[in-house]
Visitor: 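Below are the structure tokens for one structure; questions will follow.
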Amino acid sequence: MTQMRQAREELFALLEQAVKEAMRRGFLPTLTELPNFVVETPPQEEFGDFASNIAMLLARPMQKSPMEIANAIAQCLPKSDLIESVEIAQPGFINFRLTNLWLHEAIKEAIERDEKFGHWQIGQGKKVQVEFVSANPTGPLQIGNARGGALGDAIANLLEAVGYKVEREYYINDVTMSTQVQNFGESLEARYLQLLGYDVPFPEEGYKGEYVIELAREIVNEYGDAFVNLSPEERRQKFITLARDKIVAQHKSVLERFGITYDNWVSEQWLYDSGRVAKTIDLLKQRNLTYEAEGALWMRTTDFGDLKDEVIVRRTGAPTYFASDIAYHLYKHEREYEFVVDIWGADHHGHVPRMHAALRALGIERNGEWLKVVLYQLVRLVKEGSTVRLSKRAGEIVSLDDLLEWIGKDASRFFMLIRSADTHLDIDLDLAIKQSQENPVYYVQYAHARCCSIFREAEKRQHPSLSKYNQADLNLLIEEVERRLMKLLAQFPEVVKESSLKLSPHLLTQFCIQIADRFHDFYERCRVLGEDVQLSAARLALVKATQVTLRNALNLLGVSAPEAM
RNA sequence: GCGCCCGUAGCUCAGUCAGGAUAGAGCGUUGGCCUGCGGAGCCAAAGGUCCUGGGUUCAAAUCCCAGCGGGCGCGCCA
């Protein structure tokens, strides 16, 4: 139980008691049931620490004005050493200003729990899965994949923080008979032969990127002309496999540089080879969920909320992507996850109702809570005020490698998580590498480094407060900036919980910026290492709590928290 | 045509799911602050038809309906 939660719940209970007492004394009409009121953080500092809307919600059933009700409740509030003062405000809010006790407890909590500060046991160790990036092995990962990666990994971190056991999974869309994989293998084959001096045509719809030539060169270096004399079928097959393996290895490597390590890599081809796709199709048939039409096999997804039925086996006899994806989700289900999260680009949003329909049809979906899909919108890069244009046709793409080279891992991840997933994202490359306050990544990391620097300075000077901050008297923190900072730090566990349950890391990113803001504010006004040892110790405790909070928050986002910059 | 996402300050966006107070933040702009722990900083000001129009409500950026604008999807591609 965090201090913030505890304070909130205590107020909640006090309000309930007060209403009952007011009814008993006849100040208010008697109701058998109370409405679902809230105790929340008010929008402005001067309204106090917490506010409740209970009086306004009671106005209708009680046939009295909210102000009148609020007054009656305030009069009947039981005494509590939590509350400093209570105010009634138009149109009927009850505002509480609390004593600083809970804030002090929160600071101590941060210092004591250290890297566990902000963590919860909500997940009770249940197993969940987050699947993300899952690109076609036909080329380098791009900035869109980077957003998916940053999101997926941060969401995984957040779910871990609230107590789930999380597996990160990458689904390789490597089906060799798929048009794209075939095409890619053929492109690679053509480049290989061309490098060896053969005059072969490049496939018309082939992958024209420079990276294909580079891969071909690698193969020439490793295998020489060993594939020239194979039969065309054999050679093609060989190249398709080689292409897949090489690209998957590259993906793995660049994702590691991006700070992402997966627990599982699942191959779509394997779903076929192991018979899972065929079994899935049989299962759908058995359950009478399919019908044949126009030479293809369809699934009745419309019976389960989809807009149109979907083909699962083509006229050619080849199963569709939808079929293997059902097989894939059945495989996920077999592994007994409490729920699974899929991170997809917004261009896949048409796939969402299909998958939900299929899972409902198979009885896997329990009230829409098992498969959680997070869709993210496109990312654009902006440089000198204009969009960095991408032309896939010309083979010019901005890859994740490029992004990492230009702005580095921390800035990439931070910016990818600064907005909610379902909003378009512009990343200003000039801003992202700027080492100044304008750049939020630096601003936040700098705040952390500054906390560390204060401790370094204290050690250097052997400041006597250093050994005392663990038992500091936090009552000495009386400045408004100190209180504001404490209040924000106290919110951290709830922010973690909320961003986790909403699968919304950007809430945490925004929180980081706020902390940095208030910390710099504090730093500017309050000297930490001064002559008053007791005061210094108290402020050092606040700095430590800030450091812990920032470090934990940044780590959840996958951004490093440097001790010096 | 149908479906999904977005529309909030000059710019980029929080806030919308769970309706509450004078709608917030960062950047930019303007003006100010610094001899001590990192100026890689701080303060202040200006800046808004919350896309439009209806509806529900004591109360709407938030919920409902109808439009408008932008993006995406609607394939026996993945």
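Letters go in sequence order (proteins before strands), and every chain restarts at 1. Worth saying up front: this structure is predicted, and the values here are computed from it rather than measured.
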Visitor: Would you classify A/Ala458 as touching base, sugar-phosphate or nothing, given that sugar-phosphate means primed atoms plus P, OP1 and OP2, and contacts are heavy atoms under 4.0 Å?
Guide: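 If one applies the 4.0 Å heavy-atom cut-off, A/Ala458 turns out to touch nothing in the nucleic acid.
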Visitor: Searching all strands shown, indicate the nucleotide that pairs with B/G69 (Watson-Crick or G-U wobble; both distances under 3.5 Å).
Guide: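 Answer to the pairing question: B/C6, which forms a Watson-Crick or G-U pair with B/G69.
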Visitor: If you find the nucleotide of RNA chain B closest to A/Pro66 and the one closest to A/Gln90, which residue's nucleotide is nearer the 5' end?
Guide: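 Going by which nucleotide is closer to the 5' end, it is A/Gln90.
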Visitor: So, is the end of the A/Arg450 side chain (NZ or CZ) under 6.0 Å from the ring centre of A/Tyr523 and within 45° of the ring's axis?
Guide: yes
Visitor: Let's see if you can work this out: which of B/A21, B/C42, B/A78 has an atom nearest to the side-chain heavy atoms of A/Pro91?
Guide: B/A21
Visitor: Ion pair present between A/Arg360 and A/Glu365, side-chain N to carboxylate O less than 4.0 angstrom?
Guide: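 A salt bridge is absent here (no side-chain N lies under 4.0 Å from a carboxylate O).
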Visitor: Is A/Arg419 touching bases, backbone alone, or none of the nucleic acid, heavy atoms closer than 4.0 Å?
Guide: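 Since a base atom lies under 4.0 Å of A/Arg419, the category is base.
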Visitor: Please tell me which of the listed nucleotides, B/C42, B/C37, B/A21, lies nearest to the side chain of A/Ala89?
Guide: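 Nearest listed nucleotide: B/A21.
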Visitor: Choose from B/G39, B/C42, B/C76 the nucleotide whose nearest atom is closest to any side-chain atom of A/Val311.
Guide: B/C76
Visitor: Within this structure, what is the CH2-to-C1' distance between A/Trp344 and B/C72, rounded to whole angstrom?
Guide: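 Checked: the CH2 to C1' distance equals 15 Å.
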Visitor: From C-beta outward on A/Glu268, which listed nucleotide comes closest to its side chain: B/A14, B/A78, B/C42?
Guide: B/A78
Visitor: Using the C1' atom on both, measure B/A45 against B/A9 and round to a whole Å.
Guide: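 Approximately 14 Å lies between the C1' atom of B/A45 and that of B/A9.
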Visitor: If you only use heavy atoms from C-beta on, which nucleotide in B/A78, B/C37, B/C6 is closest to the side chain of A/Asp422?
Guide: B/C6
Visitor: For atom C1', what is the distance between B/A23 and B/G67, given to the nearest Å?
Guide: 25 Å
Visitor: State which of B/G3, B/C76, B/C37 makes the closest approach to the side chain of A/Glu294.
Guide: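 Among the listed nucleotides, the one closest to the side chain of A/Glu294 is B/C76.
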Visitor: Does A/Asp517 reach a base, just sugar-phosphate, or nothing at all? Heavy atoms under 4.0 Å.
Guide: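 Sugar-phosphate only.
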Visitor: Could you tell me whether A/Asn53 contacts a base, only the sugar-phosphate backbone, or nothing, with contacts defined as non-hydrogen atoms closer than 4.0 Å?
Guide: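 If one applies the 4.0 Å heavy-atom cut-off, A/Asn53 turns out to touch a base.
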Visitor: Under 3.5 Å, is there a donor-acceptor pair between the side chain of A/Asn145 and the main chain of A/Gln142?
Guide: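 Answer holds: yes.
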Visitor: Any donor-acceptor pair under 3.5 Å linking the side-chain atoms of A/Thr138 with those of A/Asn136?
Guide: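 Side chains of A/Asn136 and A/Thr138: no pair found under 3.5 Å.
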Visitor: What's the gap between B/C68 and B/U29 when it is taken at their P atoms, as a whole Å value?
Guide: 39 Å
Visitor: Please report the distance, rounded to the nearest Å, between OH in A/Tyr272 and P in B/A78.
Guide: 7 Å
Visitor: Considering every strand and a 4.0 Å limit on heavy-atom distances, what is the contact class for A/Thr423: base, sugar-phosphate, or nothing?
Guide: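 Sugar-phosphate contact only - A/Thr423 comes under 4.0 Å of backbone atoms but never of a base.
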Visitor: Considering every strand shown, what is the Watson-Crick or G-U wobble mate of B/G24 when both distances are under 3.5 Å?
Guide: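 Matched B/G24 with B/C13 under the 3.5 Å cut-off.
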Visitor: Is there a Watson-Crick or G-U wobble partner for B/C42 with both distances under 3.5 Å, and if so, which one is it?
Guide: B/G32
Visitor: Which base, if any, makes a Watson-Crick or G-U wobble pair with B/G1, both distances under 3.5 Å?
Guide: B/C74
Visitor: In whole angstrom, what separates A/His520's NE2 from B/G39's P?
Guide: 10 Å
Visitor: Is it true that A/Glu563 and A/Arg456 make a salt bridge, defined as a side-chain N closer than 4.0 Å to a carboxylate O?
Guide: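 Salt bridge flag = no for A/Arg456 with A/Glu563.
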Visitor: Look at the side chain of A/His351 and decide which nucleotide, out of B/G39, B/C42, B/A78, has an atom nearest to it.
Guide: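 For A/His351, the side-chain atoms sit closest to B/A78.
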Visitor: Strictly by modelled atom types, are A/Glu205 and A/Asn183 linked by a side-chain donor-acceptor pair under 3.5 Å?
Guide: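 There is no such pair between these side chains.
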Visitor: Measure from CZ on A/Arg525 to C1' on B/C37 and round the result to the nearest Å.
Guide: 18 Å
Visitor: Across the strands shown, which category fits A/Cys451 at heavy-atom distances under 4.0 angstrom: base, sugar-phosphate, nothing?
Guide: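 Nothing: the residue A/Cys451, judged by heavy atoms under 4.0 Å, touches no strand.
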Visitor: Between B/G39, B/C42, B/C74, spot the one nearest the side chain of A/Lys308, thanks.
Guide: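 Side chain of A/Lys308 sits closest to B/C74.
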Visitor: A/Ile454 has an atom CD1; how far is it from atom C1' of B/G41, in whole Å?
Guide: 12 Å
Visitor: Between A/Asp174 and A/Arg456, name the one whose nearest nucleotide on RNA chain B is closer to the 5' end.
Guide: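 The 5'-side residue here is A/Arg456.
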Visitor: If I pick the P atom on B/U22 and the same atom on B/G41, what distance separates them, to the nearest angstrom?
Guide: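 These two P atoms come out 35 Å apart once rounded.
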Visitor: Does B/C63 pair with anything, Watson-Crick or G-U wobble, both distances under 3.5 Å, and if so, with which nucleotide?
Guide: B/G55
Visitor: Taking CG from A/Asp521 and C1' from B/C33, how many angstroms apart are they, rounded to a whole number?
Guide: 13 Å
Visitor: What integer number of Å spans the C1' atoms of B/G15 and B/A61?
Guide: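 The same atom, C1', in both gives a distance of 8 Å.
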Visitor: Hey, does A/Arg354 reach any base, or is it just sugar-phosphate, or nothing, if we go heavy atoms under 4.0 Å?
Guide: base
Visitor: Base, sugar-phosphate or nothing for A/Ser420? Non-hydrogen atoms, less than 4.0 Å.
Guide: sugar-phosphate
Visitor: When all nucleic acid strands are considered with a 4.0 Å heavy-atom cut-off, which category describes A/Glu524: base, sugar-phosphate, or nothing?
Guide: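 Base contact.
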Visitor: Which part of the nucleic acid does A/Ile88 contact within heavy-atom distance under 4.0 Å: base, sugar-phosphate only, or nothing?
Guide: nothing
Visitor: Base, sugar-phosphate, or nothing: which does A/Ala296 touch, judged by heavy atoms less than 4.0 Å apart?
Guide: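 Answer is base: heavy atoms of A/Ala296 come under 4.0 Å of a base.
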Visitor: Verify whether one side chain among A/His463 and A/Ser465 offers a donor that lies under 3.5 Å from an acceptor in the other.
Guide: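 Judged by distance alone, the side chains do pair up.
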Visitor: Establish, for the pair A/Lys544 and A/Phe455, whether the NZ or CZ atom is under 6.0 angstrom from the six-membered ring centre and no further than 45 degrees off its axis.
Guide: yes
Visitor: Any base atoms under 4.0 Å from A/Tyr523, or only sugar-phosphate, or nothing? Heavy atoms, all strands.
Guide: base
Visitor: So what does A/Pro353 touch, heavy atoms closer than 4.0 Å: a base, only the sugar-phosphate, or nothing?
Guide: nothing
Visitor: Between B/G75, B/C13, B/C72, which nucleotide has the shortest distance from any of its atoms to the side chain of A/His349?
Guide: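 Closest of the options to the side chain of A/His349: B/C72.
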Visitor: Out of B/A78, B/C37, B/C76, which nucleotide sits closest to the side chain of A/Leu529?
Guide: B/C37
Visitor: When the distance from CG of A/Asp426 to P of B/C27 is rounded to whole Å, what number comes out?
Guide: 18 Å
Visitor: Remember a base hit wins even if backbone is also touched, and classify A/Ala51 as base, sugar-phosphate or nothing at under 4.0 Å, heavy atoms.
Guide: base
Visitor: Record whether the side chain of A/Asn36 comes under 3.5 Å of the base of B/A18 through a donor-acceptor pair of N or O atoms.
Guide: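 Counting by modelled atom types and ignoring angles, no donor-acceptor contact under 3.5 Å is found here.
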Visitor: Do NZ/NE/NH1/NH2 and the carboxylate oxygens of A/Arg300 and A/Asp309 come within less than 4.0 Å?
Guide: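 Between A/Asp309 and A/Arg300 there is no salt bridge, as every charged N stays at least 4.0 Å from the carboxylate O atoms.
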Visitor: CG of A/Leu425 versus P of B/G7: gap in Å, rounded?
Guide: 14 Å
